[in-house]
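Note that this is a predicted model, so its numbers are computed, not measured. Side-chain atoms are counted along with the backbone in the values below, which use heavy atoms only and exclude waters and symmetry mates. A, B, ... follow the sequence lines: proteins, then strands. Residue 1 opens every chain.
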2 protein chains.
Amino acid sequence: MRSAAPNTVPTFQPLYRQIKDLLVRSLDGGAWKPGQAIPSELELAGRFGVSQGTVRKAVDELAAENMLVRRQGKGTFVATHGEPRQNFRFLRLMPNQGEPAQYESRASECRRARAGVDVARFLDLKPGDGVIFIRRVLFFGGEPTVVEEITLPALPFKGLTAAKLAAHRGSIYHLYETEFGTQMIRADEKLRAVAADAATAGALGLAKGTPLLSVERVAYTYGDRPVEYRYGLCRTDTHFYRNELG
Amino acid sequence: MRSAAPNTVPTFQPLYRQIKDLLVRSLDGGAWKPGQAIPSELELAGRFGVSQGTVRKAVDELAAENMLVRRQGKGTFVATHGEPRQNFRFLRLMPNQGEPAQYESRASECRRARAGVDVARFLDLKPGDGVIFIRRVLFFGGEPTVVEEITLPALPFKGLTAAKLAAHRGSIYHLYETEFGTQMIRADEKLRAVAADAATAGALGLAKGTPLLSVERVAYTYGDRPVEYRYGLCRTDTHFYRNELG
DNA sequence: TAGTGGTCTAGACCACATA
DNA sequence: ATGTGGTCTAGACCACTAG
C-alpha cells in the first residue's frame with residue numbers, strides 16, 4: 001500500500017496515485033482507444049482490489065488533466081481529438097469578430113529530414129535522428145492566416161505523407177491519434193512578436209516586415225514524452241490568440 | 001439539501017457546491033483575509049451542518065481555482081499575491097535564458113479619467129463612469145521591457161496615487177489586495193503582434209515599427225466581476241510569453 | 001501531544017442514460 | 001429496470017506541523 005521510496009526523499013505515494021499510474025500505463029499501451037469507454041469504476045475497483053472511492057479519485061485527476069472524460073449515466077471515456085469541442089484546447093486563434101471560423105490546412109511540404117541540435121533537444125532525440133518535416137498554411141474563412149512548420153520523430157510517425165495530410169479531415173492531432181496511435185495531452189508554448197520575412201509575407205498576402213505572432217510549441221503525449229515540435233507564424237490583424245489565466 | 005431551481009431548467013445543485021458558494025461569499029466579504037487560515041474542515045462542517053467530506057469537496061474546488069491554498073498539517077489559507085510563488089500565475093514573460101528576473105515598475109502617469117465605450121464594456125461600467133488610468137513601464141534586469149496602460153474602476157480603487165504605486169514593493173495585484181481589498185482571481189487575455197509606435201519605441205529603446213507583443217487583459221475578482229482592464233506592449237527579443245496548454 | 005489536512009473504506013442514495 | 005457516474009455520510013487511520 002506504500003511506495004518504497006528507493007533512494008530519494010521518502011516520498012509518500014497514496015494508493016489512488018498508484019491506480020492512476022496504472023490507468024495511464026493502460027492508456028499509453030492502447031488498452032482502450034480514444035473515444036471508447038473504459039471499464040466502470042466498480043469493475044476497476046474489483047480488478048485492482050480497492051474501493052470505488054479510490055478508483056474515483058484516480059479517475060478524477062485524469063479527467064482534470066483531460067485524459068479521460070466522464071459522462072454521467074454513460075461511463076468514462078478516453079479523450080479524443082475527434083470531437084470539435086476538444087479542438088479549442090490547442091487551437092487558440094480566434095477571429096476578431098464572430099464565431100470561431102472553420103479552417104483548412106494545405107501542406108506544401110512533407111518530407112523526411114534529420115533532427116538539428118535544437119529540434120533534437122526539444123523532441124528528446126539525438127542530432128541526426130530521423131524526423132518528418134511538414135510545412136503548411138492554415139486558412140481561416142478562406143484567408144491564409146498561419147504558416148506552420150511541424151517536426152515529428154520519424155519512428156512513431158512512419159508513413160505520414162502529404163497525401164495522408166491532404167486526405168484527413170479535422171485537426172492534425174486527430175490524425176496523429178487515428179493513424180499513429182499517438183495522443184497529444186499537453187503542450188508548452190513560447191510566444192513572440194516577429195517581423196514577417198519575404199517568404200512568409202508572400203504566403204500570407206502581407207507586406208514584408210508585418211508583425212506576426214510567433215508560436216513555438218512542444219507537445220507531449222502520455223508520460224510527458226515530447227512528440228511534436230511546431231513553429232507557427234500567425235497574422236493577428238484579423239485574429240487574436242486567446243488565453244485564460246487561472 | 002436541494003436547490004429549488006426557481007424558474008430555469010431544473011438544474012441540480014449538489015450540497016458541496018452550495019457550501020462552496022457560501023465560502024466564496026465569505027471570501028468576497030472579507031471574512032478571512034489573504035494569507036490567513038480559514039477555519040478547519042471539521043469546524044466548517046459543524047458550522048454548516050454537513051459532513052467533513054462535503055466541506056472537503058467544496059474546498060478542493062476552491063483550491064483548484066487558486067482561491068484557497070491547502071497546507072497539510074497547517075490548515076487552509078486564503079490565496080495571496082504576496083507570495084512570489086503565486087506571481088507567475090499572471091506574469092508570463094520570461095527571459096530567453098536564465099531565471100525569471102526580478103522586475104521593477106515605474107509609473108509615468110496615474111490620473112482620474114472617464115471610461116470610454118470599450119473600457120466601459122470590459123469593466124461592466126457605463127461610458128463616462130469614473131476610472132483610474134495608469135501608464136507604466138516594467139523593467140526587467142534594468143531594461144525597459146513592457147509598456148502598460150491599466151484602467152481601474154474609480155470606486156473600489158479610490159485613493160490610488162502615483163505615490164502609492166511608487167511606494168509599493170511587489171506585484172500590483174498585491175497592492176490591490178492589501179490597499180483596496182480586491183483579489184484578482186482570473187483573467188482573460190488577447191494576444192497580438194503589432195508594430196511599435198514612436199512613443200512606445202522610444203520608451204523601450206527600440207526602433208519605431210519593431211514588432212511587439214500586444215497583451216490585452218481583463219482581470220476578474222470573486223464572482224467574475226471585472227475590475228481591471230490592461231493593455232500591454234512587450235518586447236520579445238529578450239523575453240518570451242510562456243504558455244501551457246493542458 | 002494535539003490539531004490539521006490527506007487517504008481509504010463501506011454503504012446508502014440520487015441523477016442520468018439506455019434498453 | 002439496470003447500469004453508470006455523482007453525492008453524502010461516518011469512521012478509522014495516516015502524514016505533516018507545531019507547541
Can you list the residues that meet the side chain to side chain contact (heavy atoms under 4.5 Å, CB included) rule with A/A187, with sequence neighbours excluded? A/F90, A/R217, A/A219, B/L245
Residues that A/R230 engages under side chain to side chain donor-acceptor pair (under 3.5 Å), provided they are two or more places apart: A/E148, A/E228
Could I get the full list of side chain to side chain contact (heavy atoms under 4.5 Å, CB included) partners for B/K74, not counting sequence neighbours? B/R71, B/F77
Sort me out a list of protein N/O and nucleotides 17-19 of chain D N/O pairs below 3.5 Å, or just none if empty.
| from | atom 1 | to | atom 2 | distance (Å) |
| --- | --- | --- | --- | --- |
| D/dA18 | OP1 | B/K74 | NZ | 3.3 |

Looking at DNA chain C, which of residues 53-62 of chain A put a heavy atom within less than 4.0 Å of it? A/T54, A/K57
Applied to residues 24-40 of chain B, the salt bridge (Lys or Arg N to Asp or Glu O under 4.0 Å) test, sequence neighbours excluded, yields B/D28-B/R225
So, A/K57 and A/E61, do they make that salt bridge, N to O below 4.0 Å? no
What residues, two or more places apart in sequence or in another chain, satisfy ring-ring contact (aromatic ring centres under 6.0 Å, His included) together with A/Y241? none
Listed partners of B/Y229 passing ring-ring contact (aromatic ring centres under 6.0 Å, His included), at least two apart: B/F122
Does DNA chain D take part in any stems of at least 3 consecutive Watson-Crick or G-U pairs (both distances under 3.5 Å), and if so, which ones? C:1-18 with D:1-18
Nearest whole angstrom, please: distance from the C1' of C/dT7 to the CD of A/Q13. 13 Å
Should the pair B/D188-B/R186 be classified as a salt bridge under the 4.0 Å nitrogen-to-oxygen rule? yes
Would you mind reading off the distance between A/F77 atom CZ and D/dG5 atom P, rounded to a whole angstrom? 9 Å
Kindly write out the residues that satisfy ring-ring contact (aromatic ring centres under 6.0 Å, His included) with B/F139, not counting sequence neighbours, or none if the list is empty. none
Partners of A/E104 by side chain to side chain contact (heavy atoms under 4.5 Å, CB included), sequence neighbours excluded? none
Value in whole Å for how far the C1' atom of C/dA15 lies from OH of B/Y16: 13 Å
Only counting residues at least two apart or in another chain, list the ones meeting ring-ring contact (aromatic ring centres under 6.0 Å, His included) with A/F140. A/Y103, A/H239
In whole angstrom, give the distance that lies between atom CD of A/Q52 and atom C1' of D/dG3. 12 Å
Which of the following nucleotides, D/dT7, C/dT9, C/dG5, is nearest to the side chain of B/F12? D/dT7
